[in-house]
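Written below as structure tokens is the structure these notes are about.
As a basis for the values below, the full set of heavy atoms in this structure was taken, side chains included, without hydrogen atoms, waters or symmetry mates.
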Amino acid sequence: MKAGMRRWMLRAGGVVCALALAAVSLAEAQQSSVGGVVTDEATGQPLEAARVLLTGVNRIEATNQEGRYLFRNVAPGSYAVRVLRLGYRPATGSANVAPGEAVTLDFALTGAPVQLDEIVTTATGEQRKLEVGNVVATIDAARIAEESPIAEFGNLLSGRAAGVQVQKSGGTTGTGTRIRIRGSNSVSLSNEPLYYIDGIRMESGASSGTLDIGGFGQGAGAAPSRINDLNPEDIESIEIVKGPAAATLYGIQASNGVVRITTKRGRAGKARWNLYSELGAVRDHNTYPINFNGRDSTQATGIDEGWDGFCVVQFELEGLCTQTAVSQFSPLDDPFTSPLKAGLRQQYGANVSGGTEQLTYYLSGDYENEDGVYRLPAFEEDSVLETRGTIPDHQIRPNTLERVSLRANLGANVSSDADIQANVGYISSDARFVENDNSFLTITGSAEASGLPEDVNRGWFFIPAELFAQRNTQSTERFISGLTGNWRPLSWLTTRATLGYDVTNRQDVQFWPTGQVADYLENRAGLKYDNRFQITQTSVDLAASARFKLSPALGSKTSVGGQFYRDYATGTFTTGRGLPAGSETVTGAGSTEARDTTVESRSLGTYVEQEFAIKERLYVTGALRFDDNSAFGENFDATVYPKASVSWLVSEEPFFNPDGFLSTFRLRGAFGVSGQQPGTTDALRYFTPVAGKRGGVAGTGITFGSLGNQDLKPERSREFELGFDASILGDRVGLEFTYYNKRTRDALVQRNVAPSIGASEFQFFNLGEVKNYGFEVAINTRLIDTRSVAWDLALSGSVYDNELVELGEGVEPIIFGFGLQRHAEGYPLGGYWARPILGFDDANANGIIEVGEVTVGDEAVFRGRALPNKEASLNSALTLFDGRVRVGTQFDYRGGHYLDNAIESFRCTPVLNCRGLVDRTAPLDEQARASAVLNEATEWGYYEPAWFIKLRELSLTLFAPDDWARRFRASRLSLTLAGRNLWTITDYSGVDPEVNAFAQDNFATSDFESQPQVQYWTARLNIGF
Amino acid sequence: MTTASMLLVAALALSTGCGLLETDQPNIVEPGDVESEAGALALRVGAISDFTFAQDGDGTQFEDGHILLSGLMADEFVLSTTPPTEQEIDQRRVFENNSTVYDMFHNLHRARAAAEGAAAALREQRAEPDADPFIGEMLSLAGFTYVLFGESFCSGVPFSHLEGDEIVYGAPQTTDEMFQTAVARFDAALAEPGVLLELDPESGLEPEITYLAAVGKGRALLDRGLFTEAAAAVVDVPTDFQYVTEHADSPLRLQNAIYSYSVGWLWSVSDQEGEVGLPYRSADDARVPFFDEESAGLDNTTPQFTLLKYPDASASVVLADGIEARLIEAEAQLQASSLGGMTAILNDLRATQGLDPLDAPGTQDEGVDQLFSERAFWMFATGHRLGDMRRLIRQYGRTEEEVFPSGSYIKGGSYGNDVNLPMPQEEGNNPNFNGCLDREA
């Protein structure tokens, strides 16, 4: 089987190769050219960055700073030349090129509020968006970064593309982001999209850390995401390919969609400098729940003699105590005790771009520093100073992020038919974290203590000074380098080779200085973890496309390509326990521990794609992709993924009247299959080393590691999508609609092995089936379009349904998230389940819901989905005073889901200080859910609808008049005042419906001792020279 | 032109493999690497590690061991931390989706499978298996896992295994069948030719594995209610014999979790828990040393009384010893209504610790109280108490309310009625599994 498949692949490739070679031998190009200038018709000013297409041969150039473009080495013949630029109506001209002739073709573009056509990057190269049979979301990252409150890469994606959900797990500076495109497809594998930057695969671990800083398991809590390493200032645009229908040619791992990031490039012309400076504040604007502390002044609780315990209403009714006082206090809401203070955010950077026709450059440098919202309260700082005489910076500001980003992108036209683009990015970051999410060593956790301000700990379980003495850092050094060569040996043949290498060196350090931290476990005796990793991703991408005119009405494009990817990660973990005072090395520890890890994965793939363009308005594409991977089981060979798509530009048909209601209209449909590979060792049966001790001698033994499954193959997601794009009312409104239906078969299910086997906990099988279907809508319009005022609105939204169709015969539902979430057949993946509260009744009308007055079902039932299945965003840009002032807003909606208000149920049991248990005046439903969790151990009442609308962004940009700018010898000067996370509307009773104590976990979601989202207020000055 | 075609050919040639998909996985040990004498010895160390982990837990505090959890369900400990899955056990209202119970069940099965696998590997790979005491040791550890299943879980535990690549799903065993299987394992250990049956006068080696298997067999027979046979099984075990599971400060896997949970204020020593629990603190008995922290545990609710029996992370835990052998003999005396004989044995043991002698009980019922109290104090936090409490119901006719904590629970609500642990629902992936056969003691 294996050999057979590979032979087949070789033959298929060979046939295509032979065809290409034959065609090459028949053709010979002569040196002709097409060039010109693109200007704004209204102002006559040259237009930079317009994309010019030489249709038929699919060559694309961008205009330089003078608005010039040039196609060299054009074969004689007739060509249509099309010009596309954001904000302008597309223009088309024709060029008849004679041998050796230089044809000049200038364009004057007219403004258009909405434009459907643009250039997008596909797996086979750049292409007109309207030729592609699937929807591609494009984000103008450069403009957004300049005018919106963007603190990290995830902010660029949030609320800007239908069907794309950016779920930030909390408000801790440096914490990560969970991203879902069209929901979740995979039961047990990652549901994060695949990332490419400048054509190379990049490391994008959603939870990249081994710090044990809360959360549920090592690496959870406030774990960073590697995509946030990227400097948003360096990004030109982002394209999002949403699912298998579009992502087939990206091969395995692409079934969750692909995010393609393009960094800024230089354009021929004089050096253009851009300087920016941003200052701002990060503040916690949230109100935290009050700890209701019921006391019995007689101290006769009856629970334990001599213990001054709590007295909740139920205990009193049972005669166990007499509630003589109820105090209410939260150290997080008290300005004196709260460590939540505004932090400073600052960012400074400069970039320069320019070049000649032969060599272009973009160089940038950026420094960013952000203090999170944690600061040691002043009285504690004084106390520490008094005791120790000095206080380290990390104890005052335990949550910070400092990052330096450098980038050099160089482009060279090495000949008339070849160019090279080299991109190198360097990122160095140092982040400091506090513990978050599920730990007594968290600020939110310690604030749940039922203390009072007059207590020695001032209402805290552990005081902030002890918590902040712990130092948790992650240092990252990262190089992302890519080299792309384009060679057009013949007018109809383009080839591309891309090499990429992304290397991340990461050091995670946790240090508990001896005698200074909270008296918890053995931490106070001094402890240090020092874990170091190197993570590399190597990409090799080779591709070629041949375009022919088979007849005047029929164009053909044949593309072949091959990719090789190697992901390789090594790491060492070292631990030192029992440190002498003043020491912070593992070397000096009383006991040490070390281990290492190596993970490697390789994949190879090739594709063949054939596209026919009929009369330049009907595009039909079919393709096959072949993939093999080191993680497949021995009994499984390479896999084949097909795709097909159709794009029909109805508005280009002769019968269509572009001056009618519809200005532009196209129908599109696509079908495609993609996959997800198993984990590196999922197919293998193996043992693992384990420490043991006998006879006083410690040694290393081996224990069962994993059952493995030699039949493992990638799971396959097939998707079809149908939709249309239209512009109406004279290009004033753009409308995009897409329906998609996705089925994931052979879904890799991490099935629980019957524990009685005594083997591994899980085993992967290709068992399940998951379906996702939904709608996406995007509407862009210019509501007002006058000389002095323009108001653009962009509304996008999506709704989807997700269901686990099949989990596999005999497979029990998969339960996780502390037993509260399930993958169960017939229900959405990862939904919340619990025994339901069927009703409650204050039967004796005493105003108290007592034991027995709440009815709870016997079996757990489905409560609701844990991930939002509805999202919408409204982006508005109001431009005033001839473009001198721009006001931007973004409203962000998520809904259709529940969130486990676990922190509130935890305060009921076991902490016993929630209002529902302590306060007699609490509403009956509040008492009922508290009673149910206390007496019946059901979380049902704490699953709350978690829909929200947030005013995510608000910005005011002032563009200085040209003469003001000239006073600074600048060509451009602007000031942006912006805010982020400013206002929330929700029914959720917790602090923030947008948190997750499980960080970027695949499904597990809970509001538990997390830092809620924080507000950003920034002022940014941009100066261009 | 030629270069272009070469590039295309090269790209496609890549798809044929050329070894580009081969990777190194240095973190794993492939099954073939184990098929040697060294591999078999490594499996033995692994089995000891797995057993120690299953019984005692480790220092990571992610998974609890049998001693901590059975002690929590019994009257030894009260939970002074917060995870609800642990509170379910303390409160004796355990649901089948309890992840903590799953971990314990799974880890015990891993320990069982590892010990049985190591015994087989040693027999196959050792140059002189008939001279190898390790085979008997492995069979004994396997026997103890059946004992722990029978004492802690409900009736109906299945025991599955691997035969090559195939999974052979086991059928449920009743509680008594589990103890019978345990006895069979201990007998197999005693029958191993490599196991010393008595002190070797030449080498001076003690017949450690024989004693280990004997105490294990005696314990299993006691669980079956075969008191005379149990006493006979342990008669040769000297009182000063000990087989311990060993711990170390590092790595975390080797740390003593009972120590770690105690000093971490996660588990607190009980006193007359739920009215009927034994007075572990108020008895002021040196066999249950504790420290009153005068503060609440990590749940900020429960008074913290820290067990000092295991003074550090490297403290060993007794799996079987001569004291248990004498206690088994004492119970045989009790069953023979020789209360004086029983108390004499108990007092001999107490004398070794300088404890005051006990008066002989006046009635058989008082004799039961005395014996089980002595067992509880001698073997506090060694994983015996839950089995004993179940025996009090099963073999001595006590009611659940007379034995297990009941009434109001310290953190609100009330105690449930569980006297054993249910099996986790993940076992439902075993087609032969139908849940607990019963939840009786």
Side-chain angles (χ1 to χ4, degrees), chain A residues 6 9-10 13 17 20-21 24 303-304 307 314 318 320 440 449 461 489 495 521 542 544 560 562 564 591-593 597-598 600 602 604 606 626 628 630 681 685-688 690-694 698-699 701-703 705 752 754-758 761 810 812 815 819 909-912 934-935, chain B residues 1 4-5 7-9 11-12 14-17 20-21 23-31 34 42-43 45-46 48-50 82 97 99 105-106 109-110 112-114 158-160 167 170 246 248-251 253-254 264 298-301 303 408 410-413 425-430:
Chain A
R6 290 198 169 126
M9 291 165 66
L10 185 59
C17 189
L21 291 173
V24 167
I303 291 172
D304 204 293
W307 172 243
Q314 180 183 315
E318 292 173 2
L320 297 172
F440 282 100
F461 191 83
T495 63
L521 303 180
L542 304 172
V560 296
F564 170 72
S591 69
T592 60
E593 191 174 330
T597 180
T598 301
E600 183 179 12
R602 298 178 179 214
L604 262 177
T606 62
F626 313 91
D628 202 353
S630 58
T681 56
R685 175 170 292 190
Y686 60 85
F687 293 84
T688 53
V690 64
K693 188 178 176 186
R694 184 74 199 127
I702 53 177
T703 186
N752 275 104
S756 66
I757 299 166
E761 204 170 338
E812 290 286 298
I815 298 178
T909 180
V911 182
L912 301 176
L934 177 69
N935 299 302
Chain B
M1 186 178 77
S5 57
L7 278 174
L8 281 166
V9 170
L12 292 164
L14 286 176
S15 66
T16 63
L20 284 175
L21 295 180
T23 60
D24 288 330
Q25 306 294 347
N27 297 116
I28 65 174
V29 178
E30 295 187 21
V34 180
L43 283 172
V45 176
I48 291 169
S49 178
D50 284 348
T82 58
N97 64 353
S99 58
F105 188 80
H106 180 230
H109 271 297
R110 278 183 65 99
R112 172 192 59 81
F159 296 87
S160 308
I167 295 171
E246 299 176 47
D249 289 335
S250 179
R253 166 81 177 192
L254 287 182
L298 274 186
D299 60 4
N300 205 28
T301 304
S408 294
I410 189 169
K411 299 177 195 178
Q425 64 181 18
E426 286 83 353
E427 189 57 35
N429 292 296
N430 173 354

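Contacts with chain A were tallied for B/G264, B/P251, B/A113; B/P251 has the most, counting heavy-atom pairs under 4.5 Å. In terms of heavy-atom pairs under 4.5 angstrom with chain A, the leader among B/P31, B/A114, B/P26, B/S99 is B/P31. Chain B forms more heavy-atom pairs under 4.5 Å with one residue of A/G699, A/G705, A/S630 than with any other, namely A/S630. The candidate with the highest count of non-hydrogen atom pairs below 4.5 Å against chain B, out of A/T592, A/L934, A/I702, is A/I702. Of the listed residues (B/E246, B/H106, B/E30), the one with the most heavy-atom contacts under 4.5 Å to chain A is B/E246. Between chain A and the options B/N430, B/N27, B/D299, B/I167, heavy-atom pairs under 4.5 Å are most frequent for B/N27.
Using a 4.5 Å heavy-atom cutoff, the side chains of B/L43 and A/F687 are in contact. Taking the side chain as every heavy atom from C-beta outward, A/D628 and B/L21 approach each other to under 4.5 Å.
Contacts of A/T681 with chain B are made by side-chain atoms alone, with heavy-atom separations under 4.5 Å and no backbone atom involved. For B/I28, the parts lying near chain A are the backbone and the side chain together; criterion is any non-hydrogen pair under 4.5 Å. If you measure heavy-atom distances from A/T598 to chain B, the contacts under 4.5 Å come from both the backbone and the side chain. Proximity to chain A (any heavy atom under 4.5 Å) is restricted, for B/S408, to the side chain, taken from C-beta onward. Heavy atoms closer than 4.5 Å to chain A are found in the side chain of B/D50, but not in its backbone. Only the side chain of B/L254 has a heavy atom closer than 4.5 Å to any heavy atom of chain A. In this structure, chain B has a heavy atom under 4.5 Å from the side chain of A/Q314, while its backbone stays farther away. With a 4.5 angstrom heavy-atom cutoff, B/Q425 touches chain A via backbone and side-chain atoms both.
Between the A/E593 side chain and the B/S250 main chain, no donor and acceptor come within less than 3.5 Å of each other. When atom types are taken as modelled, the side chain of B/R112 and the backbone of A/S756 share a donor-acceptor pair closer than 3.5 angstrom. For B/N429 (side chain) and A/E812 (main-chain N/O), a donor-acceptor pair under 3.5 Å exists by modelled atom type. Using a distance-only test at 3.5 Å, with no hydrogens or angles considered, a donor-acceptor pair links the side chain of B/S49 to the main chain of A/A691. Side-chain atoms of B/E426 never come within 3.5 Å of backbone atoms of A/P755 as a donor-acceptor pair (strictly under, hydrogens ignored).
Across every non-hydrogen atom of A/G819 and B/N97, the tightest pair is O-ND2, 3.7 Å. Pairing each heavy atom of A/G692 with each of B/V45, the nearest pair is CA-CG1, 3.9 Å.
Separating the CD atom in B/E427 from the CD1 atom in A/I757 is a distance of 7.5 Å, to the nearest 0.5 Å. Here the OG1-NZ distance, from A/T909 to B/K411, works out to 7.5 Å after rounding to the nearest 0.5 Å.
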